[in-house]
Each structure stands twice: as C-alpha cells, then as structure tokens.
Visitor: 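Got a structure here, written out as structure tokens. Questions coming.
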Amino acid sequence: MTDPIEDTVVLPDPSVLAGLDHWRTLPIKQQPSWPDAAAVARASAEIATLPPLVFAGEVDILRERLASAASGNAFVLQGGDCAETFAGATAEQIRNRVKTLLQMAVVLTYGASTPVIKMGRMAGQFAKPRSSGEETRGEVTLPAYRGDIVNGFDFTPESRTADPQRLVKAYHTSASTLNLVRAFTQGGFADLREVHSWNRGFARNPANARYELLARDIDRAIRFMEAAGADFDELKRVEFYTAHEGLLMDYERPMTRIDSRTGMPVNTSAHFLWIGERTRDLDGAHVDYFSRVRNPIGVKLGPSTTPDVMERLIDKLDPDREPGRLTFIARMGAGKVRDALPPLLDAIQSFDATPLWISDPMHGNGLTTPMGYKTRRFDDVVDEVKGFFEAHRVVGTHPGGIHIELTGDDVTECLGGSEQIDEATLATRYESLCDPRLNHMQSLELAFLVAEELAAAQQPAAR
Ligand code: PEP
Ligand code: CO
C-alpha cells in the first residue's frame, strides 16, 4: 500500500538546497572565533539531526497573522530577555515572563479591542552581537561575551573561549523552554478566566491596581457570556510564537529543514527571526540566508536607514511582496523617531510593499550611568513609542506592534516608571548580562500607555 504521507512529499529543487549555503561565500559579521573548526562542524551536524523546535505549519499561520497586523487588523506584542541565559531557563522565570506577556496582551486586547499576536523573545534568544569583539578590564583583554550559546559571562580565559558544545546546549535549553511555554499557553494557565491569577505575587502599585480593575471587567464579561450559554474554547488557549535574532549561523543553518509539503526551507529554531541592525548588510551573509527561508523575517532599522537601503532590503527579502513576510522593527531612539521614521513610511508607499512596522523603543535609548550601569529611561521608551504612533498617524500607515526587552521579575535595570527607580536603586537588583529590561511593573505600565495610543490610532482621523 502506498503511504499517503509519502505521496505528498515535495522534494526541494537542487538549486534551492545549494542556495541555502550561498551565505558561506559572503562577508559575515558578528560570528565568534571558534578555536576548533572541526568541533563546531560536529556540533552543527549533531543539531541538524535533532527534531525541529517549531513546525512549518505554525510558521505559515504566523505569516497570516502578521499579514493582518500589517493591514491594521491586529497588533504584535514581542517581548522577552535581551539575552536568555542557560541558568535563567527556570520554570519560575519562564512562567513570570509568559505571565507578564499575557497580562500585557490582555491590556492591549481589551484596551484597544484588537487581536494581539503574542511572541516571546524566548526559547532561542541566546546569541548577541557586540560593539567590540573584545573586552578589557584593567590589564586583561578577553573575547567579548557573545551570549550563552557561544561563551560564558565570567571574565576568565576559559569561560570566554567559544565552546561549540554550547550550540547543542542552546538547542536543548530552547526545547525545554518551549515545552514549558507550550504547556503554559495550551494547558489552562493562559485561560482568560485566570486573568486575575497572572497578577498575583507582585507589590501593589498603580499599574497593578489598574490591571485588577480591568481583570474584574473581563471576569464580569466572561460570566455574563457563560450565563448566556456561550462556549469558551477560544479563551482557554492562546497562540504564542517564538522569536530571536537570527545571528549565529552555526546554529541557524543546521536548524533549517525542508518543508515536505512545499519543498521549501524553513528555519525551525523559531517561528520568527529578525536580522539585527549590525548584520543587515545588503550583500552580507545574513540577508542572503534569510532571503531563502520561508519564516516571517524581521529587520531592525536604526535612524541612519535610507529609503534606498530599505527598498533594497524589501527587494531581497520580500521580492514577491508577500503579506506577512517582512517586518521592519524601527529602533530609532526617542529623540530621532519623529524625524527618521516618517520619510521611510512615506517612501514605502511608492515601493508597492506593505511590510509590518513594529517599534523597538529599547535599542535606540541606551545610556550608561556615572556608576557604570547600562540603563534606559522608562520615559524615553514611552516617548519613542508615542513618536512611532505619531509618525504613522502623520503618514497614514499602520503602527503594527511593539518589541520590548522585559522580564517578569522585579529587577531594577531601567530608570523611572511609577516605582521611580533611580540611579541609586539600579544596584539593588540588576541581573541582565546584556541590555537593561523593563521589569514586570514597567512592562504593565507600558502596556496601558500603548493600549491608549492604539485605541486612539483606531479612531477615524479627526476632521
Ligand atoms: C537586540 O535586539 O538585542 C539587538 C541587539 O538589537 P539591535 O540589532 O537593534 O541593536
Ligand atoms: Co538588547
């Protein structure tokens, strides 16, 4: 008997397979110098035999969801650590982060009556681009920390030496993180009737109190609908997608598989991958590789981006102008977004493209305190988000989402917010190994502010 599944397997075109390795011939940035090339090849080969973390069908659904956000009918919430760590992949930390994202999503959905596409910078956000390949402390210079997938944070030669076994560990840590995320989001924890319980365990504060009121409203609405006999299957589970920066090619390439339904390559390390501001060179390895996989792809755009570069990125990454395929993640800085973004939004109209626009109000707003802490001001984050909405309002395009570095824990890494974290307070609980994250309360506060912007954006323009 013929196997009905075998019958449907579409083999890839040989040129598609060959193209997947074309990046190896191109200039590449931000890769570690591995001391032992053969050991890297062995680790990559091992990863290539391991099961996919996400499935092509899920990736296709996400592309559709993102298409609806690009046309103004949904909003994307992307958030999580700047750099995940192996030690931080605990049940408690993962749960707190998922809870925070679910709370933010509820605030946005309820506040702006808009479907929210939830995506974690999670289950694979382990590789970091660095401004310098080395770090010097006193007399000692060592390789920079490039994320747990490459080397250790401790400032010793052993720890800072790139270790290919970390590639394999990153896969397994991503798998266990994703397993828990799937359990939390599919297994009852994300049921909207639990909306109150996501808020437990945190100090009372204005955002918390405001959330309680909103949760009470949602409860009442649900009880009313239940009494009226409505069936609530949709409320029990949420779709939750994973995303990370597609940076480390010794990991991304072996996670690439051929979708047997289409014969096309899919990167199965995450649903959504973005190319960072430092690696988006038009003729570089990253843009070439990501142009060949079917995942929805993001590209970070900083304030120096010209319309010409943007057009060429669109031509390379989304030549067919496929809805949901391409997302631009604008990270301009609060002081620049109102000048830098509108010309890009204007230009896009003549390129016959409708990418999704997401605001990353984190990476253009870094500063270092006199004490040496890398931080961001909550007010700058809010200001950049407002500038992002303003720019879209002026040009008449859709503000499609936000991209936030956050944690579900009560860390003190960003200044301000209603808890008024000041420079002296930063030292109390600063845990990030890379960029400073909004803590749970600041994230929730931001969600309320974004919900207001989003609700206003959906009002017909005042005449
Ligand atoms: C990041 O998202 O952590 C990052 C490094 O961003 P960017 O590429 O925008 O600097
Ligand atoms: Co970061």
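Just so you know, residue 1 is the first one in the sequence shown, and it goes up from there. Below, each value reflects all heavy atoms present in this structure, side chains not excepted, and no hydrogens, waters or symmetry copies. Remember, it's 1-based here, ligands and their atoms both numbered in the order they're listed.
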Visitor: Ignoring waters, how many protein N/O/S atoms are under 2.8 Å from the Co ion (ligand 2)?
Guide: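 If we list every protein N, O or S atom nearer than 2.8 Å to the Co ion (ligand 2), we get 4.
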
Visitor: Name the atoms and distances for all side-chain donor-acceptor pairs under 3.5 Å in residues 72-81, with sequence neighbours left out.
Guide:
residue : atom : partner : partner atom : Å
N73     : ND2  : S71     : OG           : 3.3
Q78     : OE1  : H403    : ND1          : 2.6
D81     : OD1  : R437    : NH1          : 2.6

Visitor: I'd like to know if the side chain of T256 pairs up with that of Y289 as donor and acceptor (distance under 3.5 Å, no hydrogens or angles considered).
Guide: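 Present: a donor and an acceptor within the cut-off.
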
Visitor: Pairwise, report which nitrogen or oxygen atoms of ligand 1 are under 3.5 angstrom from protein nitrogen or oxygen atoms, and how far apart they are.
Guide:
residue  : atom   : partner : partner atom : Å
ligand 1 : 2 (O)  : R121    : NH1          : 2.9
ligand 1 : 2 (O)  : R121    : NH2          : 3.4
ligand 1 : 2 (O)  : K300    : NZ           : 2.8
ligand 1 : 2 (O)  : H363    : NE2          : 3.4
ligand 1 : 3 (O)  : R121    : NH2          : 2.9
ligand 1 : 3 (O)  : K128    : NZ           : 2.7
ligand 1 : 3 (O)  : H363    : NE2          : 2.9
ligand 1 : 3 (O)  : E405    : OE2          : 3.1
ligand 1 : 6 (O)  : K300    : NZ           : 2.8
ligand 1 : 8 (O)  : E277    : N            : 2.9
ligand 1 : 9 (O)  : K300    : NZ           : 2.9
ligand 1 : 9 (O)  : R331    : NE           : 2.7
ligand 1 : 10 (O) : R278    : NH1          : 3.2
ligand 1 : 10 (O) : R331    : NH2          : 3.0

Visitor: Per the side-chain contact (heavy atoms from CB on, under 4.5 Å) rule, which among E423, R376, Q420 passes with L415?
Guide: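 Among E423, R376, Q420, the one that satisfies the side-chain contact (heavy atoms from CB on, under 4.5 Å) with L415 is E423.
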
Visitor: Side chains of D422 and T425: donor-acceptor distance under 3.5 Å anywhere?
Guide: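 A pair is found: one side chain offers a donor N or O, the other an acceptor, under 3.5 Å apart.
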
Visitor: Should the pair E452-K386 be classified as a salt bridge under the 4.0 Å nitrogen-to-oxygen rule?
Guide: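 Judged by the 4.0 Å cut-off on N to carboxylate O distance, E452 and K386 do not form a salt bridge.
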
Visitor: Using 4.0 Å as the upper bound for N to carboxylate O, is an ion pair formed by R24 and D21?
Guide: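 Judged by the 4.0 Å cut-off on N to carboxylate O distance, D21 and R24 do form a salt bridge.
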
Visitor: If we ignore angles and hydrogens, is there a donor and acceptor under 3.5 Å between the side chains of E252 and H286?
Guide: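 There is no such pair between these side chains.
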
Visitor: Check this for me, if you would: do E405 and R331 make a salt bridge, where the nitrogen-to-carboxylate-oxygen distance has to be below 4.0 angstrom?
Guide: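 Salt bridge: no.
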
Visitor: Give every residue pair that meets the salt bridge (Lys or Arg N to Asp or Glu O under 4.0 Å) criterion with at least one member in residues 301-311, sequence neighbours excluded.
Guide: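 Pairs touching residues 301-311 that pass the test: D308-R312.
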
